[in-house]
Amino acid sequence: MAKHIFVTGGVSSSLGKGLTASGLGRLLRSRGLRVVMQKLDPYLNVDPGTMNPFEHGEVFVTDDGSETDLDLGHYERFTDASLTRDSNATAGSIYSSVIAMERRGEFLGRTVQVIPHVTDEIKQRILRLGTEEADVVITEVGGTVGDIEILPFLYAIRQFRADMGRDNVAYVHLTLVPFLGSSGEQKTKPTQHSVEELRSRGILPDVIVCRSAEPLSPGIKRKIALTCDVPIEGVVSAIDVENIYEIPLVLAEEGLDAYLCSILGVEGDLTSQQADLAEWSALVERARRPERSIRIGIIGKYVNLPDAYLSVVEALRHAGFHHDARVEIEWVQAEEVTGLLAEGKLTGLDGIVIPGGFGERGVEGKIAAAGFARENLVPCLGLCLGLQVMVIDAARSLAGLEGAHSREFDLSSPHMVIDLMDDQRRVVDKGGTMRLGAQIAVLREGTKVAQAYGRPVVTERHRHRYEFNPRYRGRLEQAGLVCSGTSADDRLVEFVELDGHPFWVGTQAHPEFKSRPDRPHPLFRDLIGAALEKSGQTTQATAAVGPL
């Protein structure tokens, strides 16, 4: 039977529940345990797929095509596991399921209520992950204790311990311990009130993880243990860190994994006596003292909210770890690119990333950025929409297709080099259908993309609707654009690049979702390598990295 750990939060949002849960997942995995993670979100959207990035940050896509919360990206990066749609459940999806069951008559005419029907559905979502392939399931409950929308989830996880047995469930509660300059001391009252609120819902935390700028003193730990009725071993000091990948080391130093393994009874055959963090520690130490640095510009629409491009930023950092380089991100508003180019303000960039996105705003700026990188031999990686604007630039500038554009942005264009496929045209006014999740691509031998991956067939995750129009493939290839990867049936173009350019590569996929801190994605790795060469720096990689 799988053991279950629930992570809740209080006092304030954005305390880092997702990162704490991820760090714990890495620790347990380093003990030899098979860890699966899950996020329960209390909002009423069925999934974050239709939410504005300013509302919710990036949409993370799993292999099975589920649009999920960005915390699943943290889970995958820290535990090196590929999650599924079962790892994210929203209140909207749960209520939808319950109402659908009621409409089908599955409740046999009974009154449908939050307890037990909604709470039972929540528990079923949790139980789906407790398979024979999992030793520990870590479930993060979104929101903060006291939020009205979180109540059904708290009732469900409280019932879960009664259902599964006390020794099979543990509760971890994240709180804030602020430092007040006026009194010159850390204050425990916010933590006390948060735990009191949690206890009023019938949940007694086994561990209290205290977020603070500085380590908790022994006296503060004893006070929290006494007032919140937890053993002092269950009070964990989680201080601020410069690099999120230090979090497992901080939690290990506090003994969080050892304590949870003890109370859950998994210290025998399932786990070693101590987490093996040697390689992870070496990675963190390398990241602290990079030998070189480079500037990478991200050309986006949502640059005022970096979480909208969270996985892109992390993939760049991973590649920097590999090359022992600090990647300094230069956020460039796509709508301002034309003016910035005229002022020469992009000339100092060592590389450019053009990420995905939807909507017309900023598209011409992204096309201009792709052209600037092409003309000035600046290493450039286009992701999803990034590939599409690179194709548009090549069509206009290399193939002489004046007015070339995408059907998404210009219905009057004489050259729809980016278009819906024929079988999608009939539903264009209804939104069409998106390609979601893992898709196979066959790489063209001898291309930069094939060299990066080191194998002829790859799988990458997608989230898009429009495609490279195959009617223009021959003309664009004659103009110099290389279609370096296609779908298995050769119908869809998955990768493009240019001969003679240090690195001008576009992919229809989102490779950033599969990058790991200790195993950077090949395309990001080679982008940073090319950027280092452009800046005149050596690219002494720390270790060889195999294909994903």
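FYI, side chains are in, hydrogens and waters are out, and symmetry mates aren't considered; it's all heavy atoms of this structure.
Every residue meeting the side chain to side chain donor-acceptor pair (under 3.5 Å) condition with Arg473, not counting sequence neighbours, appears here in chain and number order: Asp490. Scored by the side chain to side chain donor-acceptor pair (under 3.5 Å) test, Glu477 finds no partners at all (sequence neighbours excluded). For His510, the ring-ring contact (aromatic ring centres under 6.0 Å, His included) partners are Phe513, not counting sequence neighbours. Residues that satisfy the side chain to side chain donor-acceptor pair (under 3.5 Å) test with Ser484, not counting sequence neighbours, are Glu497. Applying the side chain to side chain donor-acceptor pair (under 3.5 Å) criterion to Asp393, with sequence neighbours excluded, gives Arg374, Ser397. Evaluation of the ring-ring contact (aromatic ring centres under 6.0 Å, His included) rule for Tyr75 yields no partner, not counting sequence neighbours. Shown here are the side-chain contact (heavy atoms from CB on, under 4.5 Å) partners of Ala404, two or more places apart in sequence or in another chain: Ala395, Arg396, Leu401, His415, Val417.
Phe321 places a side-chain heavy atom less than 4.5 Å from the side chain of Asn243.
The salt bridge (charged side-chain N to carboxylate O under 4.0 Å, His left out) contacts involving residues 502-512 comprise nothing, where partners must be two or more places apart or lie in separate chains. Sorted by first and then second residue, the pairs that involve residues 297-314 and meet salt bridge (charged side-chain N to carboxylate O under 4.0 Å, His left out), not counting sequence neighbours, are Glu314-Arg317. Sequence neighbours left out, not one pair with a member in residues 351-360 passes salt bridge (charged side-chain N to carboxylate O under 4.0 Å, His left out).
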Side-chain atoms of residues 442-449: list all donor-acceptor pairs with protein atoms under 3.5 Å, sequence neighbours left out, distances to 0.1 Å.
{"residue": "Thr447", "atom": "OG1", "partner": "Arg444", "partner atom": "O", "Å": "2.7"}
{"residue": "Thr447", "atom": "OG1", "partner": "Ala450", "partner atom": "N", "Å": "3.2"}
{"residue": "Lys448", "atom": "NZ", "partner": "His501", "partner atom": "O", "Å": "3.0"}

Atom pairs and distances, side-chain donor-acceptor, residues 380-388, under 3.5 Å, sequence neighbours left out:
{"residue": "Gln388", "atom": "NE2", "partner": "Tyr466", "partner atom": "O", "Å": "3.0"}
{"residue": "Gln388", "atom": "NE2", "partner": "Gln508", "partner atom": "OE1", "Å": "3.4"}

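In this pair, His462 and His464 present their aromatic rings tilted. The plane angle is within the 30 to 60° band.
Ion pairing of Glu328 with Arg295 is absent here, as no side-chain N (NZ or NE/NH1/NH2) approaches a carboxylate O to less than 4.0 Å.
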Begin with the C-alpha distance, continue with both residues' side-chain angles, and end with the deciding distance and a verdict on salt bridge (charged side-chain N to carboxylate O under 4.0 Å, His left out) for Arg519 and Asp80. CA-CA 9 Å; Arg519 197 175 71 256; Asp80 196 17; 3.1 Å; yes
